[in-house]
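Since the structure is predicted, the reported quantities are computational estimates derived from the model, not experimental observations. To find a chain, count down the sequence lines: A is the first, B the second, and so on, and within it residues start at 1. The figures that follow rest on heavy atoms only: side chains count, while hydrogens, waters and symmetry mates do not.
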Amino acid sequence: MNGFSALLKRDLKLAYRQASDSLTVLAFFVLATVLFPLAVGPEPAILARIGAGVVWVAALLAAMLSMDRMFQSDYDDGTLELLVIAPAPLELCVLAKACAHWLTTGVPLIVAAPLMGLFLNLDPAGYGTLLLALALGTPSLSLIGAVGAALVLGARRGGALLSLLILPLFVPVLIFGVGAVEAALTDISARPQLFVLGALTLAALALTPWPAAAALRQAVE
Amino acid sequence: MHRFANPTRFVALARAVQPWAMTIALATLFAGLWFGLLASPPDYQQGETVRIMYVHVPAAWMAMFCYTGMAGASAVALVWKHAVAHVTARATAPIGAAFTFLALVTGSLWGKPMWGTWWVWDARLTSVLILFFLYLGYMALENAFDDRARGQRAAAILAIVGAVNVPIIKFSVDWWNTLHQPASVVRLDGPSIHPSMLTPLILMAVGYTAFYIWVLCLRVRADINMSKVRALKLRNA
Amino acid sequence: MNDYFNMGGYAAFVWPAFALSFGVLATLLVASLKSLRASEQALLDAGAKTETPQ
């Protein structure tokens, strides 16, 4: 567990020093969201209808943006080889990395989401559920992304490749994340969708460290 | 199984199987076409469009069968480090992608007259579309590395991760109420489909499977030849 | 005969489905056969090189 917290602290410290990276992701999230009212027109009813979906899609894409760097710098400077042979299980390192990614991109996105709801004329009844759904769903994005990021290490056009590998696997999170908000907006209980989102994150927590660690091991082999 | 981990023996096996697979594929596909297009009645509900079923359903079966085979071969390749298993998985990917593409397109051609729309975003269609992207991702990842062994191993891990989608496709029509009809052939209480339609369906399914094995033999042989060429070039360089 | 090709008014859906299925499979088969031939040729070429005197 020591290795976990040490790695997490180190990654957060690095992210803090390069805070512009997190801010870039946040700026992308805001810009991608703002494009929608400009594209589909400023009609409040239409925006309210598509708002939750737009916020989720923008969040997925923004989370993807910083994902390919999750292991890249450690791979380039050789830290990864040390992590692989270190006594701490590599699966735990993956969890620490995914956790750091979530704290530096997932959490800022959640914080910015209410503002996006405002831009998109989201019904006030939907805000609570949107935030809860994002909080439950975004950790699984970082975890699934860790597998993809580990797989594309050293690949040509890694960033574009990563989106091809990972976006299809994000689809369930997207469906239930948007479904939760839509249920809340139509006065139906959003609990089933939120439970599924939580279950997806728990499943990702239990299952993704193994393939990600396997991918890292074969990358430095 | 370990007996065939040797590429030379595997090529011998592929050479032996290939003519049989070719014969069975051609015979059953022609018979399937005959029964499917001429010797079977139109459906009392769906009319003549039911004939699309004979190319659509076997393609969908093969899409899942190929992915399962690809993921299984990838697991064998990672666990026992059999080069031949990597070759099998790599040779399966484009065939599976072709079947998935056909399942999507023929389904669309069937959906337009029956449901009145080319495409609906229901669970079955969406999960098969994701399967298609998984095939594409597998092939892209496989080719994205200068070091071929790296690409093989990374793609194998991806194939295993993507296998979570296969049960989702299978059960999507049972878990969610959708436009897509539930299974009518593979059921515990026996097929709910008339024998005159079952005959062409089974023939086409056997034909597609034999076709897969036939093309697989060709691709595996080509792949092993090319790796020999690379080895020879390395030795001469 | 025309009745048959008309497929009960669904000709525009039934025939493309069959044509496309067999077209795609035939293309895949031809491509695989070609790559096998090419690989055999490449093997011959590479094998011939090893026999040339150093």
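Atom CH2 of B/W118 has more than 12 heavy atoms from other residues, nucleotides or ligands within 6.0 Å. Sparse packing is recorded around CZ of B/R15, with 12 or fewer heavy atoms of other residues, nucleotides or ligands lying under 6.0 Å away. Heavy-atom contacts from other residues, nucleotides or ligands closer than 6.0 Å to CH2 of B/W34 number 12 or fewer. Counting non-hydrogen atoms of neighbouring residues, nucleotides and ligands closer than 6.0 angstrom, the CZ atom of B/F65 reaches no more than 12 such neighbours. When the shell of 6.0 Å around CZ of C/F13 is examined, it contains more than 12 heavy atoms from other residues, nucleotides or ligands.
Contact annotation for B/M204: only side-chain heavy atoms (C-beta onward) come within less than 4.5 Å of a heavy atom of chain C. Within the 4.5 angstrom heavy-atom criterion, only side-chain atoms of B/W214, from C-beta onward, approach chain C. B/L102 touches chain C through its side chain: at least one heavy atom from C-beta onward sits under 4.5 Å away, while N, CA, C and O do not. Only the side chain of B/L33 has a heavy atom closer than 4.5 Å to any heavy atom of chain C.
In this structure, B/L109 and C/W15 have side chains that are not in contact, with every pair of non-hydrogen atoms separated by 4.5 Å or more.
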For side-chain contact (heavy atoms from CB on, under 4.5 Å), just list the numbers for C/S21 and B/Y54, CA-CA rounded to whole Å, side-chain angles, deciding distance to a tenth of an Å, and then say yes or no.
CA-CA 10 Å; C/S21 294; B/Y54 308 134; over 6 Å; no
Evaluate the criterion side-chain contact (heavy atoms from CB on, under 4.5 Å) for residue pair B/M22 and C/L29; output intermediate values, then yes/no.
CA-CA 11 Å; B/M22 181 180 82; C/L29 179 66; over 6 Å; no
Before you tell me yes or no, could you show the steps for B/T106 and C/F18 under side-chain contact (heavy atoms from CB on, under 4.5 Å), namely the whole-Å CA-CA distance, both residues' side-chain angles and the distance that decides it to 0.1 Å?
CA-CA 8 Å; B/T106 56; C/F18 277 83; over 6 Å; no
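How far CG of C/L43 is from NZ of B/K228: 6.0 Å, rounded to the nearest 0.5 Å. Expressed to the nearest 0.5 Å, how far CG of C/L33 lies from CZ of B/R219 amounts to 10.5 Å. Taken from CG in C/L25 to CE in B/M62, the straight-line distance is 9.5 Å, to the nearest 0.5 Å. With rounding to the nearest 0.5 Å, the separation of CG in B/L218 from CZ in C/R37 is 8.0 Å.
Looking at every heavy atom in both residues, B/I52 comes nearest to C/V14 through CG1-CA, 3.9 Å. Nearest heavy-atom pair, C/A46 versus B/L232, reported as atom, atom and distance to 0.1 Å: CB-CD1, 3.9 Å. Heavy atoms only, all atoms of each residue included: B/V55 and C/F22 are closest at CG1-CE1, 4.2 Å. The shortest heavy-atom contact between C/V24 and B/A98 is CG1-CB, 4.1 Å. Closest non-hydrogen pair, C/S39 versus B/N225, comes out as OG-ND2, 3.1 Å.
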